Amino acid sequence: MTAPGTRAGASAEYSDDLDVEEALALVREAKDDHGSQGQVPAPPPDAHGERHRATPWPQAREIAARAARARVRPAPVTVPLADALGLALAAPLNALTDLPSFDTSAMDGWAVAGPGPWDVRDEGVLAGHAQPVPLTDGDAVRIATGARIPADTTAVLRSEHGRIDAQGRLHATREMAHGQDIRPRAQECRSGDQLLPLGTVVTPAVLGLAAAAGYDTVTAVPRPRAEVLVLGDELLTEGLPHDGLIRDALGPMLPPWLRALGAEVVAVRRLGDDAEALHRAVTGSDADLIVTTGGTAGGPVDHVHPILERIGAELLVDGVKVRPGHPMLLARTRDNQHLVGLPGNPLAAVSGLLTLAEPLLRTLAAHPAPEPYTLPLREAVQGHPYDTRLIPVVLRGDLAVPLHYNGPAMLRGIAAADALAVVTPGGARQGEEAELIDLPWAAAGIGVCFT
């Protein structure tokens with residue numbers, strides 16, 4: 001097994017001139033990151049011990065995306081439109097018909113022929129009906145939006161721009177141009193035109209366009225399949241915490257978050273601190289991505305590293321220079337399978353999810369990387385001496401407002417957040433621009449993301 005960095009148990013980076021108080025503060029923060037949702041963490045390294053060689057945060061994200069690109073692409077799938085939301089097109093979307101496929105009325109009103117005033121026919125023309133009787137000069141007929149235009153129609157006169165006199169004749173109340181309010185056949189596209197290229201992510205608007213163009217199904221890249229393994233004997237699934245037991249926050253949170261990132265969650269398993277159960281679950285999984293919670297440090301019941309070594313997995317990322325979430329990891333367990341090991345503390349797990357799982361899943365699903373953007377911070381943010389910090393923020397106008405309750409075990413801040421601010425080592429001044437990572441529901445809405 002190759003290991004580009006040290007074990008995730010190596011918690012902090014220390015320089016020769018680091019004073020004892022600062023070293024102890026870093027050790028305390030590292031202990032917060034390493035703990036499971038309630039597990040006693042492993043003893044920290046000595047303040048003057050081995051320098052931490054974890055992967056820098058930007059590089060860790062690149063490694064995760066590159067790992068997904070290296071795997072064999074799954075075969076495209078044909079899916080009904082109702083199941084295609086969020087998938088990437090595996091073939092161009094070409095028009096199967098002219099749009100519109102016949103001349104149609106763009107407005108409710110009258111189809112008229114020649115100059116007015118016009119004699120109005122008794123019958124009207126409605127959408128969905130067969131080709132109406134042609135008009136002759138001086139004739140008009142009531143017409144609905146979307147209805148077929150009678151042959152020899154000059155224009156459509158909108159309902160609000162016409163009046164009927166006492167003799168029942170139609171008059172225009174304003175100037176009217178030839179062809180006005182008629183949508184001619186193939187105005188939008190001709191049959192065979194490319195409407196959208198390969199790789200387009202299917203949005204609600206894409207579904208509408210595909211349906212209008214005659215599609216019942218589309219060819220798409222399948223959703224990557226993810227399995228969640230929740231570790232820890234101390235976790236409760238219901239009721240109040242008691243007797244040293246705490247509620248499992250990650251079991252309810254991770255599956256919908258993974259779905260928001262484009263995955264199909266095939267299973268959620270609670271394994272406790274059982275090494276053999278973890279071994280069976282990892283070796284028996286056929287998911288594209290296995291996500292574990294906790295157990296990534298070096299404590300007596302931290303089984304993730306030993307299991308990965310036992311099965312001969314390739315460790316691609318072993319610890320990341322980020323707070324919270326330092327002891328995260330990424331491993332290739334098989335040619336077409338990866339494992340992301342998340343820290344057990346909830347906000348640290350969110351950090352791992354967005355650092356390693358998001359770029360991996362996005363690349364597997366053939367989604368484009370989001371365009372990076374920055375906003376100035378409304379307040380100064382204290383930095384870590386060596387590591388990137390991810391801070392929950394809300395967006396207020398053109399400013400990012402840092403939120404409190406951003407410790408590794410806290411979810412109160414992220415639950416109210418719109419994004420995470422990326423604070424580089426050393427911190428950020430008030431008004432300084434910070435890169436932002438949008439949270440999926442803040443960017444697109446829960447109804448769109450969680451499909």
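Model, not experiment: these values are computed from the prediction. For this chain, numbers begin at 1 and follow the sequence in order.
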Determine whether a donor-acceptor pair (N or O, by modelled atom type, separation under 3.5 Å) exists between the side chain of Y215 and the backbone of L207. no
May I have the step-by-step check of side-chain contact (heavy atoms from CB on, under 4.5 Å) for V221 and L87, ending in yes or no? CA-CA 6 Å; V221 177; L87 300 183; over 6 Å; no
Is there a side-chain contact between L361 and L289 (heavy atoms, below 4.5 Å)? yes
Run the side-chain contact (heavy atoms from CB on, under 4.5 Å) test on T333 and I311 for me, step by step, so that the C-alpha distance in whole Å, both residues' side-chain angles and the decisive distance to 0.1 Å come before the verdict. CA-CA 8 Å; T333 49; I311 67 174; 4.1 Å; yes
Among side-chain atoms of Q59 and T55, is any donor-acceptor pair under 3.5 angstrom? no
Take a 6.0 Å sphere around CD of E175 and say whether it holds more than 12 heavy atoms from other residues, nucleotides or ligands. no
So, the side chain of T104 versus the backbone of A147: is there a donor-acceptor pair under 3.5 Å, distance only? no
A quick test of your reading: do over 12 heavy atoms of other residues, nucleotides or ligands sit less than 6.0 Å from CD of Q382? no
To the nearest 0.5 Å, what is the distance between SG (C189) and CG (L195)? 5.0 Å
Would one find more than 12 heavy atoms of other residues, nucleotides or ligands at under 6.0 Å from atom CZ of R334? yes
Spacing of R310 atom CZ and H279 atom NE2 [to the nearest 0.5 Å]: 4.0 Å
Does S101 reach the main-chain N or O of D98 with its side chain, forming a donor-acceptor pair under 3.5 Å? no
Apply the test salt bridge (Lys or Arg N to Asp or Glu O under 4.0 Å) to residues R158 and D181: give CA-CA distance (whole Å), side-chain angles for both, the deciding distance (0.1 Å), then the verdict. CA-CA 8 Å; R158 300 186 184 190; D181 289 322; 2.8 Å; yes
Interatomic distance, T153 atom OG1 to L135 atom CG [nearest 0.5 angstrom]: 4.0 Å
Quick check: are there more than 12 heavy atoms from other residues, nucleotides or ligands sitting under 6.0 Å from CZ of R190? no
Between R323 and S351, is there a side-chain donor-acceptor contact under 3.5 Å, judged purely by atom types and distance? no
Given the rule in the side-chain contact (heavy atoms from CB on, under 4.5 Å) test, do L315 and L308 qualify, once you have shown the distances and angles that lead to the verdict? CA-CA 8 Å; L315 203 54; L308 293 176; 4.1 Å; yes
CG-CZ distance between D119 and R169, expressed to the nearest 0.5 angstrom: 4.5 Å
Is a donor from one side chain sitting under 3.5 angstrom from an acceptor on the other, for D108 and S159? no
Does the side chain of D137 reach to within under 4.5 Å of the side chain of D152, using non-hydrogen atoms? no
Checking the side chain of R71 only, and the main-chain atoms of N336 only, is there a donor and an acceptor separated by less than 3.5 Å? yes
Does a donor on one side chain sit under 3.5 Å from an acceptor on the other, for H303 and D274? no
Tell me, with the steps shown, if L354 and W257 meet side-chain contact (heavy atoms from CB on, under 4.5 Å). CA-CA 10 Å; L354 296 178; W257 204 317; 4.0 Å; yes
Show the nearest heavy-atom pair for residues R389 and H384, with the distance to one decimal. CD-N, 3.8 Å
Does E227 form a salt bridge (Lys or Arg N to Asp or Glu O under 4.0 Å) with R269? I'd like the steps, not just the answer. CA-CA 8 Å; E227 184 167 353; R269 306 184 194 280; 2.4 Å; yes
Report, as yes or no, whether the 6.0 Å neighbourhood of atom CZ on R378 holds more than 12 heavy atoms from other residues, nucleotides or ligands. no
Is the shortest side-chain heavy-atom distance between Q430 and E379 below 4.5 Å? no
Is the NE2 atom of H171 crowded by more than 12 outside heavy atoms at less than 6.0 Å? yes
Between the side chains of T136 and D139, does any donor sit under 3.5 Å from an acceptor? yes
Could you check if a side-chain atom of H338 sits within less than 4.5 angstrom of a side-chain atom of I290, using non-hydrogen atoms only? no
Is it the case that the side chain of D165 and the backbone of Q167 share a donor-acceptor pair, with hydrogens and angles ignored and the cut-off at 3.5 Å? yes
SB check E314 R332 (cutoff 4.0 Å): yes
From L258 CG over to L353 CG, what is the distance, rounded to the nearest 0.5 angstrom? 5.5 Å
Check the pair E435 / T374 against side-chain hydrogen bond (donor to acceptor under 3.5 Å, both in side chains), numbers first and verdict last. CA-CA 4 Å; E435 180 185 348; T374 64; over 6 Å; no
Decide whether a cation-pi geometry holds between R185 and F102; the criteria are a distance under 6.0 Å from NZ or CZ to the six-membered ring centre and an angle within 45° of the ring axis. no
CG of L420 to CG of D438, rounded to nearest 0.5 Å, is 9.5 Å
Does this structure show an ion pair linking R61 with E358, if we count only N-O contacts that are shorter than 4.0 Å? yes
